[in-house]
Amino acid sequence: MKKTALANLDAFNKETFRQDLIGWFEQEQRTLPWRQDQDPYKVWVSEIMLQQTRVDTVIPYFNRFIEQFPTIEALAEAEEDKVLKAWEGLGYYSRARNLQAAVREVHEHYGGRVPDNPKEISSLKGVGPYTAGAILSIAYGIPEPAVDGNVMRVLSRILSIWEDIAKPATRKIFEEAVRELISHENPSFFNQALMELGALICTPTSPSCLLCPVREHCHAFYEGKQSELPIKTKNKKQKDVQIAAVVLRDREGRYLIRKRPEKGLLANLWEFPNTEISLAFLHEKDQLAELIKEQYGAIIETAEMTGQIDHVFTHLTWHIHVYKGTLLSLEEERSDLKLVTEEELKEFAFPVSHQKMLKHVQEHK
DNA sequence: CATACGTGGCC
DNA sequence: TGGCCAAGTAT
């Protein structure tokens, strides 16, 4: 433990802090679908969905997911395409594939029981230090830290920790702080309360300190510096990528779609034929038809440009130049290519960018 | 350690 | 509007 960062713990009344924090949580916690019981599987699913994702966004996905895959066994035995379809629109799709891979591991090698110790649970795909601690504490009542962005923000203020929370190494400082502070009587509520406080009171901008149940324990509030914490360095600017994409239909009106590679961006999702292209060639229709032929073996009729869609990811922006065209023929049978009707299209998981593209072309007429 | 990895909401 | 944010993990 860094002594300088946690020096304030010495003069800190841990027991009243725990009582004030947990007491507030018992009164004020939101009713959420994953708080109905402590089923380790449901806690697990909720924690994966909540990674980098807002509670309001997750709620409907969680309800549908649990309805469709109610148990470890149900998810283990599902087709991956069904799981991705259930995740469609939620983002960070490797979470879904890692979750299913890990659930299959639990099904096959742990008798369907989610591990209850740090070593085994941390070995599961997609389960990092935060998620391991969250499941162990919430589902099993084990006093392990669950340090997420909320916890770092809340504790940086309470304990006056001025380390950069954007740096990976900083998380360890907060884990040590939680190990010192955590209630062994109720580690589940302690961890959840810290996060709930961050979500409802100790917010990133303009925290509601006058409503805060632990403001008397808060070093930043005492010094009036709550708006200066936490320290978080800025991200770099993202890249721009030009894409030419074409919504192709054959003479029977079926759409040509392709499954993306199993690694990388939007892995294993479906999409419309597209190619990265330099700005200089954007309006060369023959060039686009040639590239589509090379990459898809698809012979197409001169495509018509229908507009542009910009789609922002965390680390890059796609500028999608959208065309529509007719598929004349396919050179070979390929397992990553399918011709599907408009009705069948609904069964495949598409990234939001390609959903926008389809809508755009259908409204173009 | 830095970067890849989604999306929607907010100001 | 563009940047920032939201219950992180893998490499």
Side-chain angles (χ1 to χ4, degrees), chain A residues 25 29-30 32-35 42-62 84 87-99 101-102 121-135 137-138 145-155 164-172 174-175 178 188 191-200 202-206 230 232-241 260-269 271 309-318 349-356:
Chain A
F25 182 72
Q29 65 167 301
R30 293 167 290 181
L32 296 171
W34 46 89
R35 287 181 175 162
K42 285 190 252 177
V43 172
W44 185 4
V45 170
S46 73
E47 291 302 339
I48 300 297
M49 286 189 171
L50 285 163
Q51 290 170 5
Q52 302 291 286
T53 310
R54 285 183 162 74
V55 165
D56 288 345
T57 303
V58 167
I59 290 172
Y61 280 91
F62 176 83
L84 285 174
W87 211 271
E88 183 184 55
L90 199 51
Y92 287 141
Y93 299 95
S94 67
R95 290 183 296 175
R97 293 182 305 114
N98 286 338
L99 172 62
I121 202 166
S122 299
S123 75
L124 299 171
K125 278 187 184 171
V127 178
Y130 162 75
T131 305
I135 298 172
S137 61
I138 297 170
V147 174
D148 69 342
N150 283 313
V151 172
M152 289 198 280
R153 181 174 62 258
V154 168
L155 289 184
D164 181 3
I165 66 165
K167 297 211 178 311
T170 303
R171 197 196 71 248
K172 294 192 176 68
F174 289 92
E175 284 177 350
V178 172
S188 167
N191 280 341
Q192 292 188 74
L194 233 31
M195 294 188 275
E196 194 81 340
L197 190 67
L200 301 181
C202 195
T203 48
T205 56
S206 53
K232 190 177 185 185
T233 53
K234 318 277 185 193
N235 320 353
K236 289 179 183 175
K237 201 164 49 180
Q238 33 90 151
K239 291 188 301 187
D240 290 287
V241 177
R260 291 178 61 88
E262 60 183 348
K263 300 258 180 198
L265 185 64
L266 305 167
N268 283 1
L269 270 66
E271 66 179 7
I309 289 172
D310 292 337
H311 189 78
V312 181
F313 296 91
T314 307
H315 59 302
L316 60 87
T317 298
W318 273 355
F350 285 85
V352 168
S353 52
H354 284 249
Q355 293 173 34
K356 283 189 211 165

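This is a predicted model, so every value here is computed, not measured. Below, read A as the first sequence line, B as the second, and so on, with proteins coming before strands; counting in each chain starts at 1.
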Novice: NA contact type, Thr57(A), heavy-atom cut-off 4.0 Å: base, sugar-phosphate, or nothing?
Specialist: nothing
Novice: For Arg54(A), enumerate each residue passing the salt bridge (charged side-chain N to carboxylate O under 4.0 Å, His left out) test, keeping only those at least two apart in sequence or located in another chain.
Specialist: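 Partners of Arg54(A) under the salt bridge (charged side-chain N to carboxylate O under 4.0 Å, His left out) test: none.
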Novice: With sequence neighbours excluded, what pairs up with Asn268(A) under the side-chain contact (heavy atoms from CB on, under 4.5 Å) test?
Specialist: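 With neighbours one apart ignored, the set is Glu80(A), Leu84(A), Arg97(A), Lys259(A), Glu262(A).
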Novice: Not counting sequence neighbours, which residues clear side-chain hydrogen bond (donor to acceptor under 3.5 Å, both in side chains) with Ser353(A)? List them please.
Specialist: none
Novice: According to side-chain contact (heavy atoms from CB on, under 4.5 Å), who are the partners of Pro129(A), at least two apart in sequence or on a separate chain?
Specialist: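 Arg171(A), Glu175(A).
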Novice: Taking only residues two or more places apart in sequence or in another chain, which ones pass side-chain hydrogen bond (donor to acceptor under 3.5 Å, both in side chains) with Ser46(A)?
Specialist: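 Ser46(A): no side-chain hydrogen bond (donor to acceptor under 3.5 Å, both in side chains) contacts found.
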Novice: Please find the earliest and latest nucleotides of DNA chain B, in the 5' to 3' direction, that have an atom within less than 4.0 Å of any heavy atom of chain A.
Specialist: dC1(B) to dG8(B)
Novice: Applying side-chain hydrogen bond (donor to acceptor under 3.5 Å, both in side chains), name anything that partners Asp310(A), two or more places apart in sequence or on another chain.
Specialist: Gln308(A), His319(A)
Novice: Which part of the nucleic acid, if any, lies within reach of Thr131(A) when heavy atoms closer than 4.0 Å are counted: base, sugar-phosphate only, or nothing?
Specialist: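 Sugar-phosphate contact only.
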Novice: Could you work out the separation of dG6(B) and dT1(C) based on their P atoms and round it to a whole Å?
Specialist: 26 Å
Novice: Could you measure between the two P atoms, the one in dG2(C) and the one in dC5(B), and give it in whole Å?
Specialist: 23 Å
Novice: I'd like to check the side-chain hydrogen bond (donor to acceptor under 3.5 Å, both in side chains) partners of Thr53(A); sequence neighbours left out, ordered by chain and number.
Specialist: Arg95(A)
Novice: Using the test ring pair (Phe, Tyr, Trp, His ring centres under 6.0 Å), find all partners of Tyr92(A) that sit at least two apart in sequence or belong to another chain.
Specialist: none
Novice: So which of residues 88-98 of chain A are in contact with DNA chain B, with a heavy-atom cut-off of under 4.0 Å?
Specialist: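 Close to the strand are Gly89(A), Leu90(A), Gly91(A), Tyr92(A), Tyr93(A).
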Novice: With a 6.0 Å cut-off (strictly less than), is the heavy-atom count around NZ of Lys356(A), excluding the residue itself, greater than 12?
Specialist: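 Correct, the count exceeds 12.
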Novice: Both Phe350(A) and Lys239(A) contact DNA chain B. Which one's nearest nucleotide lies toward the 5' end?
Specialist: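 Whichever sits nearer the 5' end wins; that is Lys239(A).
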Novice: For DNA chain B, determine which residues of residues 164-171 of chain A have any heavy atom closer than 4.0 angstrom to one of its atoms, and list them numerically.
Specialist: Pro168(A), Ala169(A)
Novice: Round to the nearest Å and state the distance from Met195(A) atom CE to dG8(C) atom C1'.
Specialist: 12 Å
Novice: With under 30° as parallel and over 60° as perpendicular, where do the rings of Trp318(A) and His311(A) fit, or are they tilted in between?
Specialist: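 Trp318(A) and His311(A): tilted rings.
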Novice: Just to be sure I understand the rule, does Gly264(A) reach a base, reach only the sugar-phosphate, or reach nothing, if contact means heavy atoms closer than 4.0 Å?
Specialist: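 It contacts sugar-phosphate atoms only.
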Novice: Using only heavy-atom distances, determine whether the side chains of Thr317(A) and Gln238(A) contain a donor-acceptor pair under 3.5 Å.
Specialist: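 Note: Thr317(A) and Gln238(A) side chains meet the donor-acceptor criterion.
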Novice: From CG of Leu265(A) over to C1' of dA10(C), roughly how many Å is that when rounded to an integer?
Specialist: 15 Å
Novice: Name all residues meeting the side-chain contact (heavy atoms from CB on, under 4.5 Å) criterion together with Ala134(A); count only those two or more places apart in sequence or in a different chain, and write none if there are none.
Specialist: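 With neighbours one apart ignored, the set is Glu47(A), Tyr130(A), Ile138(A), Ala146(A).
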Novice: In whole Å, I'd like the distance from the CG atom of Asp56(A) to the P atom of dC5(C).
Specialist: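 Atom CG in Asp56(A) sits about 19 Å away from atom P in dC5(C).
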Novice: Answer with base, sugar-phosphate or nothing: what part of the nucleic acid does Arg260(A) contact at a heavy-atom distance below 4.0 Å?
Specialist: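 No contact.
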Novice: Which is true for Val58(A) with a 4.0 Å heavy-atom rule: it touches a base, it touches only sugar-phosphate, or it touches nothing?
Specialist: nothing
Novice: Quick check on DNA chain C: between Arg54(A) and Ala132(A), whose nearest nucleotide comes earlier from the 5' end?
Specialist: Arg54(A)
Novice: Heavy atoms only, 4.0 Å cut-off, all strands: where does Val151(A) land among base, sugar-phosphate and nothing?
Specialist: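 Answer is nothing: Val151(A) stays at 4.0 Å or more from every strand.
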